[in-house]
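Computed from a predicted structure; not experimentally measured. Atoms considered below: every heavy atom in the structure, side chains included; atoms not considered: hydrogens, waters and symmetry mates.
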Amino acid sequence: MAFPVHLTFSEYTDFGYSEFKGVDGFSTIEKQAQRAVDSAIDYYYNDRDISQDKNAKRVDAYKMAICEQIDFIKATGISSSYENGDDFNSISVGRLSLQPTNHVSQDSMVNGVCKEAYRLLAHYGLLYRGRGSDWYVATHS
């Protein structure tokens, strides 16, 4: 099953991102980043036509979240939550405390996406999983 690509290299640069200097390798990382973001938003734009979304700020936030995830993957090399294995985050015994060297990158992800992308998605309601109130549904259906 092929998912549509929602971000082009020109959009990436138009948003002001510059981790990639050229198109080489962009499409591979873009697909990885989009899969991570789509997973976080429960595949919202796979079920809806992104070109028909009247909320342009939400569309831009989605695309910028993909850009943030692209830059995160490019900077850290981590494209999935399981990539660093099942290492412990930290262990403390008495006054002794140990943390693996990869804990910084693990701590910078929320539900498989970097914190910057997660904040963008949350701000524009793309992480919402509930439903409207009964009053709203009853009076506006």
Side-chain angles (χ1 to χ4, degrees), residues 1-93 95-141:
M1 171 186 243
F3 292 108
V5 175
H6 291 139
L7 181 76
T8 64
F9 182 74
S10 63
E11 289 173 321
Y12 172 81
T13 56
D14 288 346
F15 281 124
Y17 292 90
S18 60
E19 192 70 29
F20 270 93
K21 305 300 180 205
V23 181
D24 295 336
F26 177 80
S27 66
T28 301
I29 291 182
E30 190 280 333
K31 289 175 188 173
Q32 294 169 339
Q34 184 175 321
R35 274 194 308 268
V37 170
D38 283 346
S39 175
I41 65 169
D42 202 22
Y43 302 94
Y44 183 82
Y45 284 116
N46 288 353
D47 298 335
R48 294 161 184 83
D49 187 357
I50 194 170
S51 64
Q52 299 299 315
D53 193 342
K54 295 187 184 346
N55 190 339
K57 288 183 180 181
R58 179 173 50 208
V59 172
D60 285 349
Y62 168 72
K63 289 183 177 189
M64 285 189 290
I66 295 172
C67 293
E68 290 289 348
Q69 190 68 21
I70 288 170
D71 284 358
F72 177 80
I73 292 169
K74 181 85 166 139
T76 65
I78 298 172
S79 61
S80 61
S81 61
Y82 56 82
E83 198 157 293
N84 282 333
D86 291 331
D87 292 339
F88 61 91
N89 283 335
S90 68
I91 187 168
S92 296
V93 178
R95 294 184 300 172
L96 175 67
S97 179
L98 302 171
Q99 287 185 325
T101 57
N102 65 358
H103 79 282
V104 174
S105 59
Q106 290 287 351
D107 291 343
S108 61
M109 294 176 72
V110 179
N111 294 336
V113 296
C114 65
K115 286 183 179 179
E116 293 81 3
Y118 193 83
R119 282 188 210 109
L120 281 166
L121 297 170
H123 184 74
Y124 288 95
L126 286 164
L127 298 176
Y128 180 71
R129 296 289 182 271
R131 66 180 194 93
S133 69
D134 289 337
W135 179 84
Y136 181 82
V137 173
T139 59
H140 294 88
S141 38

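Within the model, atoms CD1 of Ile66 and CG of Leu120 stand 11.0 Å from one another, a figure rounded to the nearest 0.5 Å. Rounded to the nearest 0.5 angstrom, Ile50 CD1 and Lys63 NZ are separated by 5.0 Å. The OG1 atom of Thr13 sits 14.0 Å away from atom CD of Glu19, with the distance rounded to the nearest 0.5 Å. Taking OG of Ser10 as the start and CZ of Phe15 as the end, the distance is 10.0 Å to the nearest 0.5 Å. The line from OG of Ser18 to OH of Tyr12 is 6.5 Å long, rounded to the nearest 0.5 Å. Within the model, atoms CZ of Phe9 and CD1 of Ile70 stand 9.5 Å from one another, a figure rounded to the nearest 0.5 Å.
For the residue pair Met64 and Tyr17, the shortest heavy atom distance occurs at O-OH, 3.6 Å. Listed here is the closest heavy atom pair of Ala117 and Ala65: CB-O, 3.4 Å. Residue Gln34 comes nearest to Leu7 through the heavy atom pair OE1-N, 4.4 Å, listed as atom of the first residue, atom of the second, then distance. In terms of heavy atoms, Leu127 sits closest to Ala40 at CD2-O, 3.4 Å. When all heavy atoms of Gln69 and Val113 are compared, the closest pair comes out as OE1-CA, 3.3 Å.
With Glu11 contributing its side chain and Thr8 its backbone, the two residues share a donor-acceptor pair below 3.5 Å. For the pair Ser39 (side chain) and Arg35 (backbone), a donor-acceptor distance under 3.5 Å is absent.
Counting heavy atoms from C-beta outward, Tyr44 and Asp38 have side chains that stay 4.5 Å or more apart. Between Arg119 and His123 there is no side-chain heavy-atom pair separated by less than 4.5 Å. Using a 4.5 Å cut-off on side-chain heavy atoms (C-beta onward), Leu121 and Tyr118 make no contact.
Contacts of Asp47 classified as side chain to side chain contact (heavy atoms under 4.5 Å, CB included), with partners at least two apart in sequence or in another chain: none.
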- Take Arg48 and Asp53 through the salt bridge (charged side-chain N to carboxylate O under 4.0 Å, His left out) test and state the conclusion after the steps. CA-CA 8 Å; Arg48 294 161 184 83; Asp53 193 342; over 6 Å; no
- Please walk me through it: do Tyr45 and Tyr62 pass ring pair (Phe, Tyr, Trp, His ring centres under 6.0 Å)? CA-CA 9 Å; Tyr45 284 116; Tyr62 168 72; 4.8 Å; yes
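Note that Lys74 lies in the cation-pi zone of Phe20, set by a 6.0 Å cut-off to the ring centre and a 45° limit from the axis.
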